[in-house]
Visitor: 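Below is the structure I would like to discuss, written out as C-alpha cells.
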Amino acid sequence: MKKYYLIIPIIGILYLAGHLISKPAKKWARAHVNYITEVDDHPLNCLNCHLYEKEEGPIYKILNRQYISPLNLTLSKEGNKMYVVGQEGNVLLEVDVTSGKVIHKIKVGEHPHSVVLNSNNTLAYVSNQWSDYISVIDLGTSKEIDSLKTGNGPAGLAISNDNNYLYVVNSFSSDISVLDLNLKKEKKRLAAGNNPTCAKISPDGNNVFVTSRRTLPMPYNTPPMTELTVLNTNSQYVTDRIIFEKAYVMENVAFTPSGDLAIATLIRPKNLIPSIQVEKGWMMNHGIGIIERKEGGRIFQFLLDEPNAYYSDPFDIAITPDGKKAFISNAGVNVISVIDIDSLRDFIANTSEDSLKMYANHLGISSKYVITRIATGANPKGLSLSPDGKLLYVAERLEDRIAIINTDNLEVSGHIDLKGPSKITMSRRGRRLFNNAGRTFENQYSCYTCHPDAHEDGLVYNMAAIGRNITNVQTLRDIGDTPPFKWNGKNQSIHKQDGMRFSKYLTRTESFNYDDLDALVCYIRTGIKDIPNLMYNPDENLTPAQQRGKAIFYRTHDNFGNEIPASNRCYTCHPPPYFTNLQMADVGTLAATDDSMLFDTPQLNNIFASSPYLHDGSAPTLEEIWTKFNPEDKHGVANDMLKDQLNDLVEYLKSIREADYYVENPETASDSLLSYH
Amino acid sequence: MKTTNLKHLLITALVFVFFWAADFEIFCQGTGGSFKPAPVPTYGNWKSYSKKNGLPADKAYCVRIDGNRVWVGTSAGLALFENGTWKTYTVDDGLAHNHVISIDVSELSGDLWIGTMGGVSQLSAGKFVTYTQFNSGLANDVIYSIVCDGKDIWAATGGGASHYDTYTREWEIYTERNAPMHEPWTYGVCASEEKVYIAAWGGGVIEQDKKTKRFRDHVDPDGEMEIDLFPDDGVVHDITTAVSYADDILWVATYFGLSRYDGTRWKGFFDHDSGLASNFINNLRAIGPVVFLCTDKGLSSFNGESWVTYKKDENGTSGKVIYRKGDDITENTAPTAIAHNFVIGVDVKGDDIWVATSKGVSHGTKIK
Amino acid sequence: MKTRLFILSAFSLVLILFPETYGQDQKQNYGRTPDEMVPFGRFQKAYVNFFDTPQEFTGAGREKPAPTNLKTIKIGVLGPFEGSPLVPQGRQMLQGTMLALEEANKKGGYHGIPFEILVHNDVGLWGAAANEVVKMNDAGAWAFLGTIDDINSHVALRVALKLEIPMINTSDPDPTFTETRIPWMIRCMSDDRQSCYALVNYVYEQKGYKRVAVIRANNRYGRVGTAEFKDGAERIGHPTILEVRFDDGETNFKTQLERIKTLSPDAVLIWGNATESALILNQMREMGMNQPAFASDRVVSPEFLRIAGKNAEGIITTCQYNPDADIPELKAFQQNYRKRFNQEPDVFAAHAYDGMNITIEAIKKAGLNRALIRDVLTDMKTFQGYQGITGKIIFDASWNDIGDIWQAEVKNGKFVFFPTAFK
C-alpha cells in the first residue's frame, strides 16, 4: 500500500515540475521556432521539422519511400510495349500498353536517364547518369546483358540507323561518347555544350542534335548563350555549334518528320535585371528554339508563355508523324502545351525578320501557334508518341504514372499506374512544391528553374538595383546542414530562406503556407541527393596530382617555409565533411557594386560542377579564383605557388565528393592533416 | 680435297649471302635498317599568297592541311584557305591571340588546336574555346608548339610542357621539377605510338614513355654550347627547336644543325657536310620517311640518304631545286619558287605541300 | 753601304720590337678562352665551332614602311621591378635607361618624337617574362632592354625571336644567353665566362691556390655562373674540391660550411646574391674559416658591405663596371644620375645607360623598322668598339661583349677596382 502512496507525491512533483517547466519550455520553443522561421505564428509542431531532419537511419526509412519517378520513355515500333526509365527506382519498366500493366522491372544502374531501342527492338540501351555506363537490356529475356562504359553522367541517347553506333550525351563531363556497338567500346569522345542533356538523330540519320542546359562560359555579367551541338554521323565530327542567345536549359529537341525543322525547348532568363521585374513578366520566360535545317537556315526563339500566364520549365517535345502537332511538357505547371506546326510555319513565313527577332521576348504571340494546354499530374517530363501518332504518353515524374493523351481530341484518355508507393511522404510533397511554379507570380518559375536537379543553373542574378549585388546561384546539394544561407549569411535557416523573404524578394506572391513550407524544407534537407563524383574521384583513390593538391590544401607553410596564419589556410575555412566552417569571411572579392558584407563560406562538395565561382560568379574557372581574384592572398595564401602546384590544388578540389562520404569516412579528413613541404 | 671443296662452298655461300644482303641494303643506314628509303619527292608549281592576295599578314608561322582546307597561323590571326578564298579569324572572333605560332588538327575530333602567343585556342565547328594560364591549367600563355595525340593535347610553352587530357580534363605540367630538364623552357613537342618527345630549349630532347610516364633525356654529350665535338654522339646541340617523329625515326631541329635518332643511334647533319640548306632550322615535319626542314635559307627535305632543297632566287619569282646524294650535287632552276627563303612551317598531304615563310605561304604540288 | 746597313738595322729593330707587324693574325678562341681551357682542346678538335661567324637574319621585314603619326617611340624595359629580391638592381637598371632616354628626348627624340619607356615587370606568375614581351610587342615597342635574371632573359629572348623584336641585354651575365644563335639580341656587358676566366687566372695563376671549394646558389645563376670557373680550374689541373649549394633566402649556412671546413681548402668561391654571400662570409669567419674568399659580381653592392661589415675586407670579385674609370662621360653620367635619382649608380644602371643609348642610336640610324634596327645593332661595325661609360664594348660573333672587365677588392670598407690580369 505504501508504494501506492508514494506514487501520489511523485506524480504531484512531476505535475508541478511540468507545470513549472512547460511555460518556459514553451517560451523557449516559441523563441526557437520564431528564430528559425523568422515569423511569430508558425505552428509549434516539433515533429514537423525534427522528425524529418534525418537523411538516413530507421526513422528516415519509416517516413520515406522509394519512388520510381519516371523521367523518359519510349515505345516499341509496334507501339504495344513501352519502356519507362524510373529515375529514382533505378529501373527500366517494361509496360504492356494494351493492358496498362508493368510486366517487367529491370534493374539498371544508378539514376538512369534515357532509353533507346535498336531498330528491330531486340535491345534497349539505358543511360545510367550516376553510374557512368549504359545498360544493355535484352528485351527477349528482359535482363541486363552488358554494360558499356561512357563519359561522366550519361543522359540522352541516339542510335545510328544501322545500329552500329550509340551516341551518348555525357551530361556532367559535357561531351558525347561515340560507342561502337560491335566492338562494345567507346570509339571517341567529342566536346558538347555545357551540361548537355538530350540527343536526337535526324530523320535522314545524318545528324545527331545535342541540346545543353547551362550557358557557355561567358564574359562576366553578360547574358547566357547556350549551345546546340550538331554531330555528323558520317564523319563522326561535330560540324556545327548552334548558339541560342539569351537562352538556356535546352532540355530536349525534336525533328519534324521531313527533318526541315528542329524544335527545342528552352528558357529565356532575364537574370541581369533586378528581380523586381518579375511582376512585369521579366524574370523567366519559357519557350522554344527553332532551327531551319537548310543552307542559310535561320534560328528563332518564341515563347510558350502568355500575358499573365507562364508555362515554366518546358522539358520534352514530341512531334506527330504527320508533322502537324508538337507537344511540349511544361514540367513546372503540370501542363502539356500543344503547338500547331502549320500555324507556326505560317507565322514565321508572314513575319518580317525584325519582328521575328523581337518576338523572342513577346508574350502575346503564343496564341498564334499554341492551340491548347492539357493538364497533367505532377511534373510531366518525358513524352513519347505511339507509332501512329494517335496517343501521347507522358511521364508524370512525381506521380509515378504515365498519362495517356488522345492527340485528336487533346484530352487525357487514361493513365498507366507504374505502381510506385501509394504514400506521398513529406519529402515527396516538398519535391512537388519545389518543382512547381504555382507559388510564383503567375507561375513564372519554380524553385527547379534556377536550381535544376536541385543544383544551380550556372547564372548570376541581379537581385537588387540594376548592377548592384550580383549574386551567383548556389547549389542546393549538401546545403541542408550548412547554415547560414545566402552569400551574405542573412538567413539562419532554410525556413527563413524559403519563407516570407523568399516570396517578398523572389516569387512576388503569397508565401508558402506553413505546412507546405515545412514540406519544402523537409525535401531540401533530406530529399536532395548529391551526385557521385565519378569524373574526378570515382574510386576513392586520389590520383597523384590530387594527392599533391590535398597536401597543398592542408599545408601550414608556404613554399618559402613561412608559416601560413591558421586563418588563411584552405582547410581552416573549408574543413570536411562540407568543406565549410559555416562562418563568414572576407576573401577580398567584394566588388565595388556590392554592399559591404562578409561572405558565407560555401560548401565545396562536388565543386567541379558549380562554375562560375565566387559570390558574384566572376571566376569562370576554379583557377581564376587564385590567378585573378586573390592578388593579396586574402582567399588563402596562394601567390607563392608554382603553376603545377595550383593545378594540383585544383585537381584536389575537383575530387571533393558528396558530404556523406566524408561523414562516413572521417579518416579521409584526419589523415589529410599533413604538413606540406 | 673434300675440305677444300667445303671451304670453297662456304666462302661462295658467304659471298652470296653478303651480296644478297647488300642488295637489300640490310646494312644500309635507313629507316629501321631494312629497305632502301623511299625517294624524296620533288615539288613545284609553287603558288604563293601574302597580304596582297588574301593572307592577313605576310609573316606566316605555321601551316596545316585539313582535308580540303588549309589553316595558316600568321602574325595577324588565323587564316583559312577554302574553295580558293581566304578567311581570317582574329581575337575578335574568339582567338586567344593574333600571333598564331602552331596548329594541329585532331584526327579524333576534327577540332583545330591552336597555339598562340596568348594561350591555346580550340576551334571546334567554327567556335573558339580559349585556354590560358589564368583560366586553366596551361603552364604559360606563350605556345611554341601544339600537337594532338588522340585524346591528348600537348603544348610546348614558355613555362613548361603542358599536357591536357580532353577526356578527364586534367592538365599536367612538366618542368624541371618533374622532368629531366634544367629549366622549364620547351619549344617543340611530338608524339609516337609509345612516346612523347619534347624539345627542351637548353635541355636537348626529353622523352616520356606514355605507359610508365617515365622520362629520359637526350642531350649533347659534349656538354658545351659553343661546339659539337662529334656529330653522331647525340643530339647536335642542347638548344633544340622542334621535334618530329615518323617511320620510327625521331628528327630533331636546332639552330645548329639537324639530328636523326633511330632509337639506337644518333646522326648529325650540318650545312657544310650535307644537303641541309642551313644549320638554322626553325621547324621540321616528318611525313613518312621524309623530313621537311624549315631553315632560314630555304626548305630542305631528306629521307636519310638524299636531299632536295628549294630556294627562291634573291630577285624575282623563280627558284632552284638542289639535289644532293652523298657528294653528288645537282642544281636545277625552277620557274616558280617558295615565297621566301626564311621558312618557318610546312605541311604535306598527298601530292600537296604548303610552306609558311617570312613573306607569305606557298602551295606546291608533287612533280616527280 | 752604311745607309743600307742603317736601313736594314732599323727595319730589323722594328721587326724585333713590333712582331705583330709581320706576324699572322692569331685566331682568338671563342669567348677569349685561353688555349689551355678550350673544351677538349688537348684531346680532340671540335667537329663544328658554332660561333665563328655571326648568325644572319635572312627573314623578311626590312621592306616594311615606317608608320606615321606616332606620338612616341616606344622602347620596352623588362626587369625585376616588384616582388623580387632583385628589385634594387632592377630599379637601378630602369633608372639608367630613364636617364639615357630623358637625355635623348632633350636632344629632340626621334625626329622630334619623344622616346617612351614601356616598363614591364618580369616577376609574376609563371613565365611572366614571356607574356610581358608579348605585351610589349602588342603595345608597339621597337626594341626592348632586359633583364637581370637569367631565366627571365632566356624566356624573353625566345619570344623576341618569334616576334622579331630586338633585345638589348645589359644585366644578365649568363654565358649561355648569347650562345643561342638568335640574331635578335646583343649583350653589352661582359658575362660570367669572362668573370670566371679572370677569377681562375687570379686564384690559381697569380695567387697559386690549388684547392678551392665552391658554395653557390642552388639556381640557374649559381649553376651556370660557376660552370666556367669549375671547367677552367679542371682544365688547368686544379679541379674544385667541393661544391655545396644554398637556396635564395637561406640564412643559416653552417651545414654547408662545415663540409667545406673539414676539407681545409686554400680558398672559397661564393656565388650568389649579395645578402646570402655576406651572411656566408660572416658565418665562415665565425666558424674560424679564414680562407681567402672570392665571390660573384653581385656582391658589389652597399648591401653586401653593410651586412658583411669588417668581414668584407679583402674579398675579391670581378665587376663589369669600374666607377672610378677615367672616362669623362662616366663622370657626367654619375653626376646626372645622382642629381636625378639621388642615388649612386651601380653596374646595372651604368650598363643600362649604355644599352639604352645604343638602342636609341640604332633606332635613329635605322629608322622605324625592327629588322633594320636589328641589322644596325648586330652588324659588328656600328657599335663595335662603342665607347660607353662602362668602357669599350667589343662584340664577339655571338654578340656577347668580351671587352675588358675589372676586379674589385674590398679595402677599408670600400670596393677598390683594378684591371684584371686576364687578357
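Atom set for the values below is all heavy atoms of this structure, side chains included, hydrogens, waters and symmetry mates excluded. Quick note on labels: first sequence line is chain A, next is B, and so on, each numbered from 1.
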Visitor: Sequence neighbours left out, what pairs pass salt bridge (Lys or Arg N to Asp or Glu O under 4.0 Å) with at least one residue falling in residues 125-134 of chain C?
Guide: C/E132-C/K135
Visitor: Under 4.5 Å, counting heavy-atom pairs only, tell me which of B/K297, B/E183, B/K359 racks up the most with chain C.
Guide: B/E183
Visitor: Rounded to the nearest 0.5 Å, how far apart are CD1 of B/I101 and CG of C/L163?
Guide: 6.5 Å
Visitor: Less than 4.5 Å to any heavy atom of chain C: does that hold for the side chain of B/T157, its backbone, both, or neither?
Guide: backbone
Visitor: What residue in B/D273, B/T357, B/V236, B/N282 has the most heavy-atom pairs under 4.5 Å with chain C?
Guide: B/D273
Visitor: If you count the non-hydrogen atoms of other residues, nucleotides and ligands that lie under 6.0 Å from NE2 in B/H163, is the total more than 12?
Guide: yes
Visitor: Side chains of C/R181 and B/I239: does their closest heavy-atom pair fall under 4.5 Å?
Guide: no
Visitor: Locate the shortest heavy-atom distance separating C/K162 from B/K59; write the atom from each residue and the value.
Guide: O-NZ, 2.7 Å
Visitor: Between B/S358 and C/A60 (side chain of the first, backbone of the second, donor and acceptor by atom type, cut-off under 3.5 Å), is there such a pair?
Guide: yes
Visitor: Answer yes or no: are there more than 12 heavy-atom neighbours, outside C/E36 itself, under 6.0 Å from its atom CD?
Guide: yes
Visitor: Determine the option with the most heavy-atom pairs under 4.5 angstrom with chain B, choosing from C/E164, C/R158, C/R220.
Guide: C/R158
Visitor: Please name the pair of heavy atoms, one in C/V159 and one in B/Y144, separated by the smallest distance, quoted to 0.1 Å.
Guide: CG2-OH, 3.3 Å
Visitor: Is the shortest heavy-atom distance from the side chain of C/Q55 to the side chain of B/D296 under 4.5 Å?
Guide: yes
Visitor: Applying a heavy-atom distance below 4.5 Å, give me the residues of residues 42-53 of chain C that approach chain B, sorted by number.
Guide: C/Q44, C/K45, C/A46, C/Y47, C/V48, C/N49, C/F50, C/F51
Visitor: Is there side-chain contact between C/V134 and B/V142, with heavy atoms separated by less than 4.5 Å?
Guide: yes
Visitor: Is there side-chain contact between B/E226 and C/R193, with at least one heavy-atom pair below 4.5 Å?
Guide: yes
Visitor: Quick one: are C/P175 and B/M225 in side-chain contact, heavy atoms under 4.5 Å?
Guide: no
Visitor: Quick check for you: among B/F280, B/Y187, B/F256, which has the greatest number of heavy-atom pairs under 4.5 Å with chain C?
Guide: B/F256
Visitor: If you compare all heavy atoms of C/A130 against all heavy atoms of B/N140, which two are closest, and at what distance to 0.1 Å?
Guide: CB-OD1, 4.0 Å
Visitor: Do the side chains of C/T58 and B/N341 get nearer than 4.5 Å, heavy atoms only?
Guide: no
Visitor: Less than 4.5 Å to any heavy atom of chain B: does that hold for the side chain of C/E63, its backbone, both, or neither?
Guide: side chain
Visitor: For chain C, which candidate among B/T175, B/N279, B/T186, B/I344 shows the most heavy-atom pairs at distances under 4.5 Å?
Guide: B/T186
Visitor: If you compare all heavy atoms of C/D231 against all heavy atoms of B/E224, which two are closest, and at what distance to 0.1 Å?
Guide: OD2-OE2, 3.9 Å
Visitor: Would you say C/D138 and B/H99 are linked by a side-chain donor-acceptor pair, where the criterion is simply a distance under 3.5 Å?
Guide: no
Visitor: Find the one option among B/D58, B/D238, B/D222 whose heavy-atom pairs under 4.5 Å with chain C are most numerous.
Guide: B/D222
Visitor: Where do B/W201 and C/T180 come nearest, in terms of heavy atoms and distance?
Guide: CZ2-CG2, 3.7 Å
Visitor: If I compare all heavy atoms of C/I182 with all of B/Y255, which pair ends up nearest, and what's the gap?
Guide: CG1-CE1, 4.2 Å
